Protein chains: 2
Amino acid sequence: MDVTREPQGGKTDLQVRRPRVQKNVTAAIGLDICSDRYAVGSVLPRESDLCEMYGVSRTVVRESLKILSTKGLVHSRPRVGTVVCEKTDWNLLDPQILEWMGPRIHDLDLFGCILETRRTVEPVAAAFAAERATVQEIADLDGAWRRMRDAGADIEAFTRADVQFHEILLKASHNQVFRQLSSIIHAALIYALHRSNEAVEDREEALLVHRELVEALRLRDPEAARAASNRTLDLAVRDLALNGA
Amino acid sequence: MDVTREPQGGKTDLQVRRPRVQKNVTAAIGLDICSDRYAVGSVLPRESDLCEMYGVSRTVVRESLKILSTKGLVHSRPRVGTVVCEKTDWNLLDPQILEWMGPRIHDLDLFGCILETRRTVEPVAAAFAAERATVQEIADLDGAWRRMRDAGADIEAFTRADVQFHEILLKASHNQVFRQLSSIIHAALIYALHRSNEAVEDREEALLVHRELVEALRLRDPEAARAASNRTLDLAVRDLALNGA
DNA sequence: TCGGGCTGAATAGTCATACTTATCGATCAA
DNA sequence: TTGATCGATAAGTATGACTATTCAGCCCGA
């Protein structure tokens with residue numbers, strides 16, 4: 001009874017298959033919003049147009065918009081369409097949004113806000129970690145430090161290990177809220193560390209302070225951990241100021 | 001050509017209309033997950049069954065599951081079904097999840113974690129607010145304080161004003177990350193303040209410290225604001241310990 | 001002229017069905 | 001015992017239709 005449908009007859013050669021496209025469409029639209037290609041307050045193309053633009057069915061577009069809606073990026077209303085919400089409504093703690101913002105993280109002072117958050121949270125997390133970290137977590141932290149040390153001139157590898165170091169530290173604080181914050185900090189570090197890790201002497205200095213932090217955890221010394229964490233942040237701030245934003 | 005459809009013939013009287021049910025279905029499933037009615041690791045009923053259970057179409061169920069998926073609550077795979085993720089994967093910073101958890105916020109030490117976060121963040125936020133708050137924000141804070149004062153024996157009103165006070169404070173820190181954290185803190189306060197505000201003398205003491213905080217902001221004195229914020233938290237911790245968890 | 005209700009149109013929301021793809025598990029062969 | 005094949009299952013995608021909401025413009029009465 002469905003021969004009248006002609007399932008894929010008229011489509012192009014790329015359309016005969018139905019790959020999983022949900023994620024791509026969501027990311028594409030989310031990226032377009034976060035990069036200001038759709039301005040705040042403006043209305044997106046209507047659903048049927050988005051279907052055409054991305055070559056997918058309305059099902060996919062709708063589910064994508066629904067996801068973006070829960071992230072506070074857009075808001076849909078009948079007869080009006082789907083409008084881009086104010087940036088103050090965006091769920092900035094959402095890792096995907098930060099990813100989509102990419103370098104635009106410097107808008108809205110967001111980068112500075114995250115740095116302030118790090119200065120506030122990380123030393124406390126380090127102190128907690130000194131009391132609560134498992135032996136395994138300290139070992140993982142040590143592993144990340146070794147990867148930093150062994151990265152040599154490979155700035156990419158050094159940065160990757162650096163990010164991991166701070167993520168493990170937050171996890172080792174055994175505070176679930178801190179742990180979730182690591183995804184935000186991760187996003188910010190990606191765009192910050194790479195630059196501040198460019199100079200060799202900076203990397204060596206960073207190695208030293210990170211080492212102190214690991215040792216403080218080993219000795220279960222919360223105050224030393226807090227101090228060492230503060231020193232790593234001092235370095236980060238100094239490098240950012242030097243290399244200029 | 002659609003008379004063969006019998007659109008709403010067999011449904012109940014409530015089903016003849018098509019209200020916006022998306023939110024309800026999402027909340028219902030989310031609630032069932034957060035309240036452990038669907039255990040971690042277990043498989044949800046399949047989509048078609050969920051359609052029957054809630055009397056909605058697959059579109060609605062799918063979009064609901066998609067939303068829950070982005071919150072890290074569930075994970076869908078073909079042939080397997082939709083399984084409930086580990087709680088460590090849940091996006092605990094999501095306001096809705098906290099709402100759905102309700103009193104179960106005490107699981108996973110989440111409540112304690114949030115309290116630790118408050119102790120870490122709020123004093124810093126208060127200090128920032130002393131430097132950055134607009135006159136309007138200080139006035140709003142003062143308004144919230146007045147509502148606390150005038151609540152009298154109405155514990156509900158007192159708690160509501162108390163929550164607003166802390167939300168305005170975080171907003172006045174002009175740090176976007178802190179601001180977003182207010183939704184988490186909000187959820188925790190709802191379930192904590194009500195109890196700790198039961199005694200009259202506690203409320204009066206709280207009024208005093210909150211007043212000090214407002215004055216510190218007026219005087220643009222970061223250190224005084226930090227100290228006052230710490231004292232509000234001391235009170236909260238003491239009351240929680242007294243009234244027992 | 002002004003204001004309030006009516007009406008039409010546009011768009012998201014919902015529904016129903018069909019078909020595709022991925023994956024698990026079992027069966028069978030080497 | 002191991003490996004590949006096949007079938008069944010459930011999510012993923014596509015499509016077309018209908019419904020509810022709401023905006024904008026119109027008309028009518030005051």
Side-chain angles (χ1 to χ4, degrees), chain A residues 1-29 42-70 73-85, chain B residues 1-12 14-26 28-29 42-70 73-85:
Chain A
M1 65 300 241
D2 51 355
V3 283
T4 66
R5 183 80 72 79
E6 188 209 24
Q8 317 111 345
K11 304 303 183 69
T12 78
D13 50 358
L14 278 181
Q15 290 299 79
V16 293
R17 308 188 72 243
R18 284 184 194 168
R20 299 299 198 263
V21 289
Q22 175 77 69
K23 239 171 203 152
N24 302 324
V25 173
T26 308
I29 302 178
S42 68
V43 44
L44 300 191
R46 60 169 183 276
E47 293 178 352
S48 59
D49 287 343
L50 288 172
C51 296
E52 273 190 47
M53 291 166 60
Y54 294 104
V56 296
S57 75
R58 197 170 161 221
T59 308
V60 174
V61 168
R62 278 191 55 78
E63 292 183 357
S64 292
L65 291 179
K66 191 67 75 174
I67 291 171
L68 297 179
S69 175
T70 65
L73 250 53
V74 299
H75 178 63
S76 296
R77 281 166 61 206
R79 166 70 190 169
V80 174
T82 303
V83 302
V84 179
C85 293
Chain B
M1 67 302 238
D2 51 354
V3 284
T4 66
R5 184 86 69 78
E6 189 209 24
Q8 319 106 345
K11 304 302 183 70
T12 77
L14 278 181
Q15 291 300 77
V16 293
R17 308 185 72 242
R18 282 188 197 165
R20 298 300 198 265
V21 289
Q22 175 77 70
K23 241 174 202 146
N24 301 324
V25 173
T26 308
I29 302 178
S42 68
V43 177
L44 266 57
R46 63 170 182 275
E47 293 178 352
S48 59
D49 289 342
L50 288 172
C51 296
E52 272 190 49
M53 291 166 59
Y54 295 103
V56 296
S57 74
R58 196 171 160 219
T59 307
V60 175
V61 168
R62 277 191 56 78
E63 291 183 358
S64 291
L65 292 178
K66 193 67 77 174
I67 291 171
L68 297 178
S69 175
T70 64
L73 251 52
V74 299
H75 177 64
S76 298
R77 279 167 63 206
R79 165 72 189 173
V80 174
T82 303
V83 302
V84 179
C85 293

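Just so you know, these numbers come straight off a predicted model, no measurement behind them. Below, chains carry the letters A, B, ... as their sequence lines are ordered, and counting in each starts from 1. Computation of the quantities below employed the complete heavy-atom set of this structure, encompassing side-chain atoms and omitting hydrogens, waters and symmetry-equivalent molecules.
When rounded to the nearest whole Å, the span between NZ of A:Lys23 and P of D:dT13 equals 11 Å. Straight-line distance from the CG atom of A:Leu50 to the C1' atom of C:dG13: 16 Å, rounded to whole Å. For the pair A:Ile67 CD1 and D:dG12 P, the computed distance is 10 Å after rounding to whole Å. In this structure, A:His75 atom NE2 and C:dG13 atom C1' are separated by 13 Å, rounded to whole Å. For the pair B:Glu52 CD and C:dA16 C1', the interatomic distance rounds to 14 Å; values are reported in whole Å.
For B:Ser76, the side-chain hydrogen bond (donor to acceptor under 3.5 Å, both in side chains) partners at least two apart in sequence or on another chain are B:Thr82. Residues satisfying the salt bridge (Lys or Arg N to Asp or Glu O under 4.0 Å) criterion with B:Arg46, sequence neighbours excluded, are B:Asp49. Checked against salt bridge (Lys or Arg N to Asp or Glu O under 4.0 Å), B:Arg79 has no partners two or more places apart in sequence or in another chain. Take A:Arg77 and apply the salt bridge (Lys or Arg N to Asp or Glu O under 4.0 Å) test, not counting sequence neighbours, and it matches no residue.
Non-hydrogen atoms lying under 4.0 Å from DNA chain C are contributed by A:Arg58, A:Arg62, all within residues 58-66 of chain A.
Taking 4.5 Å as the limit, every side-chain heavy atom of B:Tyr54 sits out of range of all side-chain heavy atoms of B:Val21.
Between A:Ser57 and the phosphate of D:dT13, there is no side-chain N or O to OP1/OP2 separation shorter than 4.0 Å.
When all heavy atoms are compared, the tightest approach of A:Gln22 to A:Val60 is NE2-O, 3.4 Å.
Here B:Thr70 contributes atom OG1 and A:Lys66 contributes atom NZ; the two are 11.5 Å apart, rounded to the nearest 0.5 Å. Taking CG from B:Leu50 and CZ from B:Arg62, the interatomic distance works out to 12.0 Å, rounded to the nearest 0.5 Å.
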Listing time: all N or O pairs from protein to nucleotides 7-11 of chain C that are below 3.5 Å?
unit_1 : atom_1 : unit_2  : atom_2 : d
C:dA10 : O4'    : A:Arg79 : NH1    : 2.8
C:dT11 : O4'    : A:Arg79 : N      : 3.4
C:dT11 : O2     : A:Arg79 : N      : 3.3

